[in-house]
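The structure appears right after this line, and notes come after that.
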Amino acid sequence: MNKFTPNNSPLSIPPGGIIGVMGGGQLGRMLAMAAARLGLKVHIYCPEETCPAHDVCFAKTIASYSDEKALGAFAKAVDVITYEFENVPADCVSFLSSVGAVVRPGALALEKAQDRLVEKEFLNAIGVATAPFHPVDDLAALEAGLQKVGRPAILKTRRLGYDGKGQTTLRDEDTDLPGAFEKAIKIAWKEVGAAPSILEGFVPFEREISIIAARGADGDIQIYDPAENVHQNGILKSSTVPAKVSEETATHAMAIASSILEALDYVGVIGVEFFVLKSGDLIVNEFAPRVHNSGHWTFDACAVSQFEQHIRAVAGWPLGDPSRHSNAVMENLIGEEANAWREMAGEANTCVHLYGKHEARPGRKMGHVTRLAASQSNR
Ligand code: AMP
C-alpha cells in the first residue's frame, strides 16, 4: 500500500487493515470496537501504561508523542493514522507526515481546533457566527476585552482546556463594589493560569445542540440528527435526540457543519457545538476534529455509529447511513454515578457502556448510558 498519498486520496484499506489511533481514552476504545465490526484492527499509540482502549485493541505502543523512533515504527506498522483527542502535538503530526504516514482528519483541522482564538477567527472567516471575543495576553487586554464583549463574559485559555477546565466566568455582580473590578479581573487571570486566553461574551442561549457529521475521502458528507445537550459544571451531562429545534434550525446547523468540513478538506467525523438563540439563530461554540461525546447515542440508535463512520472515513470506505432508528437519551456516568451499573443494566431499552476505568474520580467520565425510546418520532 502506498503510504505517500495525500489526505484526500483514494487510499482504501480493506478488512484486515490496521488503523493507528493516537490516544487511548474511551473514544479510542469505542473506535476500536467499531473497527472490529468491519474486520479492521486498531493499533493504539499513547503515553499511558494503562488506558481504556488497551482492553480492546489489536496492538499498542506506549511512548511519548515526541518519541520519533516510536512514532516512526508506529507509522510503518499501520495503514492510516487518526486521533481521538485534538491536542495531539503539531510536531508529532508533522513528523508522521514526513515519514509518509497518512494522517486523517489532518493537520489543518488540528491547527484550527487546538487554539480557541484561531478556531473563532477561522469560523468567522468562513462566515460562521461565534460569540464576540477578544484575545487576552495580560490584565490590560482583559480589561479592554470586557469593554468590548460586556459582562457576563467567560475567560478561557486558548489551548488545552476541556470539560470546563481552564475557564472562568466574570459576572456583573462580581464587580459592583469599589475596587472589586480590579480584584475580580486579577482573580480571573490567575484562575486561567495567566496563560494566553480569549474572552468571550456570554451567549444568552435557549438551548445547546451539536451536530456530528462526517466527510469521506471521496468528499461525501453524511450528517446525524442534531442532539440537544445539557452541561453541568462545563461537562456534558446528557444528549437527547430529537433536539427541540425547528426543521429550519436543524437544516441550518447541518449546513454550517458541512461548510466547516469543506473548508478544512476534512476526512473523518467532526463534532460541532452550537448555541441556539430564542430567535432560532445559531452561534458556533466550538468544534472537535474527532468523534464527540454528544454523538455517543449513535452507537445504539443508528445502524452506523459515529465511531464506525469515522473508521469508514479514515479507511477510505463509503460512509454509512446516519439515520436514526430510535429516539434516545444519552447520559454520561460521571465519577461514582457509574456505581449504579447493576440497576441500569436491568432497565429495558437501555444500553450501558463502561470504559474500564479503575478509579472513579469526581468529574471523570466513567461510562455512559443510552436509553432508547420504543419508537422513533421526528422533531
Ligand atoms: P466549552 O468548554 O467552550 O465547550 O464550554 C462548556 C460549556 O460552557 C458550554 O457548553 C456552555 O454551556 C458554556 N459556555 C461556554 N462558552 C459560553 C459562552 N460564550 N456563552 C454562554 N455559555 C458558554
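Read the numbers this way: they start at 1 and go in the same order the structure lists the ligands and their atoms. Here the structure is a predicted model, which means the values were calculated and not measured.
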Quick one: which ligand 1 atoms are inside 4.0 Å of a heavy atom on [X]?
| X | answer |
| --- | --- |
| Glu208 | 9 (C), 10 (O), 11 (C), 12 (O) |
| Ile154 | 14 (N), 15 (C), 16 (N), 17 (C), 18 (C), 22 (N), 23 (C) |
| Glu200 | 16 (N), 18 (C), 19 (N) |
| Glu273 | 4 (O) |

Can you confirm, on distance only, whether ligand 1 has an N/O atom lying under 3.5 Å from any N/O atom belonging to Val203?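 N/O-N/O distance below 3.5 Å exists for this pair.
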Any nitrogen or oxygen of Gly201 lying under 3.5 Å from a nitrogen or oxygen in ligand 1? Just yes or no.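 So ligand 1 has an N or O lying under 3.5 Å from an N or O of Gly201.
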Minimum heavy-atom separation for Leu277 to Phe205, with atom names?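 Smallest heavy-atom distance, with atoms named: CD2-CA, 4.3 Å.
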What closest approach, in Å, do Ala75 and Ile81 show between heavy atoms, and which atom pair accounts for it?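 Heavy-atom minimum between the residues: CA-CD1, 4.2 Å.
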Pair Thr82-His310, side-chain donor/acceptor within less than 3.5 Å: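 There is such a pair between these side chains.
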Assess the side chains of Gln147 and His134: does a donor N or O sit below 3.5 Å from an acceptor N or O?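 No.
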Between Lys365, Lys357, His353, which is the residue that forms a side-chain hydrogen bond (donor to acceptor under 3.5 Å, both in side chains) with Gln26?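 Of all the options given, the one that passes is Lys357.
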Would you call the rings of Phe307 and His296 parallel, tilted or perpendicular if under 30° counts as parallel and over 60° as perpendicular?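 Aromatic pair Phe307/His296 classed tilted.
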Heavy-atom contacts under 4.0 Å between Arg116 and ligand 1: side chain, backbone, both, or neither?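 The answer is the side chain.
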Heavy-atom distances under 4.0 Å are what count here, so tell me which part of Asn229 touches ligand 1: side chain, backbone, both or neither.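 None of Asn229 does.
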